[in-house]
Amino acid sequence: MFVAFALVGFFIPVPYVAISPGPTYDTLGKDAAGQSVIQVNGHEIFQTSGELRMTTVSLRDGGITLFNALGLWASGRYALAPREEYFKPGETNEQVRQENIQQLQDSQTAAQVAALRRKFPVKVLAKTIVSGSPADKVLAPGDRLLVVNGQTVKEATDVRAALNGTKPGQTVQITFKSDGQAERTVPLTLAQRPDGPEGFMGLTAVDRADVPFDVKISLQDVGGPSAGLMFALAIVDKMEPGDLAGGKHIAGTGEISEKGVVGAIGGISFKVVGAREAGATDFLVPAHNCAEAKTAAPDGLNLIKVSTLDEAIAQLENLKAGRPTASC
């Protein structure tokens, strides 16, 4: 029995993953290939100092035996969680990797819009077109939406608002512009909306920065949505005068919306540890993660509570000026 138990403990994998603090990346610095993480082409950039570090969580999957799991847990650096919490049934590691990459790309786009709309206008584009809907075969993803049902479209929420009070079967006019073509106005006969009584065009709209220059975010081997806040802050720091980091070593995390709202993320207890080990003295925490962050924050790490991009910028200005910051 002892031999059988030892064999099982040493060689049979258990359905758990091990989670630990991951690497951090300075969004004001360079990536592994030596390229600036934030690249701006066609617009003035300002001198920055210090660091704005995004934080990650490492997840070890596969090959974890019972004795491995006990050793990792006993080290105090790892936490164990059922694999099903991170992988859907039948989902492969490659599928999860692709999902994480897509989430990262979406967070980069949202960060750009949130940062740039502080000083520049936005445009509204069609993101997806529902197959078989009134908009299908008329509009395409990437078309710019200008007027819907007589209402000028200034941001994505205006598209849905323009259809308030309409009914299925009603015809509305929509003005849009495809890339490289003149703007067009066409009639659309609305269908039944699946989640409401008003008419349905069959498209989703997104905000994008309407700027004559390019902003690119370059970072490899990272996934997930939680770097959005730090990407947005780095763009602001490079494109607006003021030197947000102010020579300090600042880390943080938080998903961000295109309107600059900072959302909660997972793994905050590991991220604060990784940030302190990387030399950070201050950490930007989404407001909804504050309670968990307080229980895990290492000595010497100042936790700063934020709910929006503008709040984060204001807190960094307070930090640089020596004023009190919002604490968790």
Side-chain angles (χ1 to χ4, degrees), residues 21 24-29 36-38 40 43-56 107 110-120 215 226-265 267-328:
T24 66
Y25 302 88
D26 179 17
T27 56
L28 293 176
S36 295
V37 174
I38 306 296
V40 181
H43 191 278
E44 178 185 12
I45 59 174
F46 296 90
Q47 187 67 37
T48 64
S49 65
E51 297 179 349
L52 291 172
R53 287 194 167 270
M54 57 162 284
T55 51
T56 68
S107 77
Q112 291 180 34
V113 177
L116 294 177
R117 76 189 306 156
R118 287 170 42 86
K119 301 294 182 183
F120 301 97
V215 177
S226 64
L229 171 62
M230 303 312 289
F231 285 142
L233 287 171
I235 294 170
V236 171
D237 205 5
K238 287 202 168 193
M239 296 199 63
E240 297 182 23
D243 189 17
L244 276 182
K248 295 183 179 295
H249 295 268
I250 300 161
T253 189
E255 188 171 355
I256 199 166
S257 74
E258 291 166 349
K259 289 192 173 182
V261 177
V262 178
I265 50 82
I268 189 74
S269 59
F270 300 100
K271 292 180 177 181
V272 292
V273 172
R276 187 68 184 117
E277 291 177 350
T281 54
D282 302 275
F283 193 100
L284 299 171
V285 183
H288 292 295
N289 289 119
C290 264
E292 183 183 357
K294 285 176 66 175
T295 64
D299 292 340
L301 189 66
N302 174 41
L303 301 182
I304 303 173
K305 180 173 67 173
V306 297
S307 299
T308 65
L309 175 60
D310 287 344
E311 277 186 16
I313 291 169
Q315 293 304 319
L316 291 182
E317 290 172 344
N318 287 341
L319 187 66
K320 185 172 64 172
R323 298 188 294 265
T325 54
S327 299
C328 281

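These numbers come from a predicted model, not from an experiment.
For the pair S49 and L28, the tightest heavy-atom approach, listed with the atom from each and the gap, is O-CD1, 4.3 Å. The minimum heavy-atom distance between I265 and P286, with the atom names listed, is CG1-CG, 4.4 Å. Minimum heavy-atom separation, A293 to I268: CB-CG1, 3.8 Å. Smallest separation of non-hydrogen atoms from V273 and P21: CG1-CG, 3.9 Å. Smallest separation of non-hydrogen atoms from L309 and A232: CD1-CB, 3.9 Å. G228 and A111 make their closest contact through O-CB, 3.5 Å (heavy atoms, listed as atom of the first residue, atom of the second, distance).
Between T55 and F270, every side-chain heavy-atom pair lies at or beyond the 4.5 Å cut-off. Side-chain atoms of D243 and D237, non-hydrogen and from C-beta on, do get closer than 4.5 Å to each other. Counting only heavy atoms from C-beta outward, the side chains of I313 and L244 approach each other to under 4.5 Å. Looking at I256 and F231, their side chains never come closer than 4.5 Å, going by heavy atoms from C-beta outward. L316 places a side-chain heavy atom less than 4.5 Å from the side chain of L284.
Scored by the salt bridge (charged side-chain N to carboxylate O under 4.0 Å, His left out) test, E258 finds R208 as partners (sequence neighbours excluded). In terms of the salt bridge (charged side-chain N to carboxylate O under 4.0 Å, His left out) criterion, residue partners of K259 (sequence neighbours excluded) are, by chain and number, E155. Among residues two or more places apart in sequence or in another chain, the salt bridge (charged side-chain N to carboxylate O under 4.0 Å, His left out) test is passed with E277 by R77. Under the side-chain contact (heavy atoms from CB on, under 4.5 Å) criterion, N302 pairs with D282, I304, L319, T325, sequence neighbours left out.
Heavy-atom contacts from other residues, nucleotides or ligands closer than 6.0 Å to NZ of K294 number 12 or fewer.
Without hydrogens or angle criteria, K119 side chain to E240 main chain gives no donor-acceptor distance under 3.5 Å.
In this structure, M239 CE and Q112 CD are separated by 10.0 Å, a value rounded to the nearest 0.5 Å. A distance of 10.0 Å separates OG1 in T24 from CE in M230, rounded to the nearest 0.5 Å. If you take CZ on F283 and NZ on K271, they are separated by 7.0 Å, rounding to the nearest 0.5 Å. Rounded to the nearest 0.5 Å, atoms CG (L52) and CD1 (I38) are 9.5 Å apart.
The side chain to side chain contact (heavy atoms under 4.5 Å, CB included) test with T27 singles out one residue from K238, M54, R53, E51, and that residue is M54.
Legend: salt bridge (Lys or Arg N to Asp or Glu O under 4.0 Å) pairs involving residues 300-310, not counting sequence neighbours, sorted by first then second residue: R118-D310. Residue pairs meeting the disulfide (SG to SG under 2.5 Å) criterion with at least one partner in residues 290-320, sequence neighbours excluded, are C290-C328.
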